[in-house]
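Presented below is the structure to which this report refers.
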Amino acid sequence: MGLDRLDAQLLLLLAFGTTPAELGARRTWLLAHADDAVPAAAHSRFEKYLQRRSAGEPLAYITGHKEFFGLELQVDARVLVPRPDTETLVQWTLEVLTGPIPVDFDPPFATLDLGTGSGAIALALKHARPDLQVDAVDASSDALAVAQANACRLGLLVRFSQGWWLDRVTRRYHCIIANPPYVAAHDPHLAALAHEPIQALVSGPDGLRDIRHIVQAAQSRLWPDAWLLLEHGHDQALAVRTMFAQAGYHSIESRRDLTGHARCTGGQVPRT
Ligand code: GLN
């Protein structure tokens, strides 16, 4: 694969020992020193980084960092790289939590991030709204180790626990959010995602197996009128809205990501 000029610049800076958090700011330094000789050690590090990037490894795994919703997260191959698309979901969650208060609730607002991975969604919510109680689950103990380390480094108090979706969740929440796997098992796009954990990407033959499960299972873990908000594939909005409707949710809508795709769908649990 051809290498992006920006990626190559960032990798060169990394080879010079620039910390991941400083990479963006140091690009001007690189331009000012464009004619300097590169020391042998930095050169050989740069070559290794280039090889990894050319083999399709995400830049975030090589730098070990990814920015999400203004937070610097540490990431590696144990977790999916947080995508800017998912910021739409965080934004929407923050909006519904400032809206009318669901009936039958006890303050503080409690939110649950399912399949938290690096902790991106949960940590962004806690950072934006320190008054929220934020819980997060993941089936992978490896992912939870990454998420917990991010929470510690950022000084954000999120309660992490291990479990498959809602299986071990016993309480009710005011909002449940998830960026579950949603790629179909034989989707050709998977070739470009080969370095990321497959269990965070693939969800059965149609990509909807996990979403189907969550839409059903979340109802009994949400207060009446509380929201379930899910990210999904760019062409899955109609299918996901139909699932929400069939399960009896109301106020169902979809939201677009930064590139204009209907990327998340949400609805409120009926009062029954
Ligand atoms: N947005 C990712 C991609 O298609 C998939 C993430 C997911 O399955 N949750 O690149």
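Everything numeric in this text was worked out from a predicted model, so none of it was measured. Counting convention: from 1, in listed order, for ligands and their atoms alike.
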**Prompt:** Which protein heavy atom lies closest to atom 10 (O) of ligand 1, and at what distance to 0.1 Å?
**Reply:** Arg83 NH2, 3.1 Å
**Message:** Under a 4.0 angstrom heavy-atom cut-off, which atoms of ligand 1 come close to Pro181?
**Reply:** 8 (O)
**Request:** Of the side chain and backbone of Ala200, name the one, both, or neither that has a heavy atom under 4.0 Å from an atom of ligand 1.
**Result:** backbone
**Prompt:** Between the side chains of Glu57 and His195, is a donor N or O closer than 3.5 angstrom to an acceptor N or O?
**Reply:** no
**Fill in**
Looking only at protein heavy atoms, what sits closest to atom 8 (O) of ligand 1 is Tyr182 N, 3.2 Å
**Asked** Any side-chain donor-acceptor pair under 3.5 Å between Arg78 and Ser140?
**Response** no
**Message:** Below the 3.5 angstrom mark, is there an N/O of Pro180, backbone or side chain, next to an N/O of ligand 1?
**Reply:** yes
**Prompt:** Should His174 and Phe109 be marked as a ring pair (Phe, Tyr, Trp, His ring centres under 6.0 Å) after you check the CA-CA gap, both sets of side-chain angles, and the distance that decides it?
**Reply:** CA-CA 6 Å; His174 302 102; Phe109 273 141; 5.1 Å; yes
**Asked** Would you call Glu196-Lys66 a salt bridge at under 4.0 Å N-O?
**Response** no
**Subset of ligand 1 atoms that lie under 4.0 Å from at least one heavy atom of Leu201** = 5 (C), 8 (O)
**Message:** Below the 3.5 angstrom mark, is there an N/O of Asp85, backbone or side chain, next to an N/O of ligand 1?
**Reply:** no
**Pair Asp135-Gln133, side-chain donor/acceptor within less than 3.5 Å** = yes
**Short side-chain donor-acceptor distance under 3.5 Å, Thr259 and His261** = yes
**Asked** If hydrogens are left out, which of Val81, Asn179, Leu193 has an atom nearest to atom 4 (O) of ligand 1, that is, the closest non-hydrogen atom?
**Response** Leu193
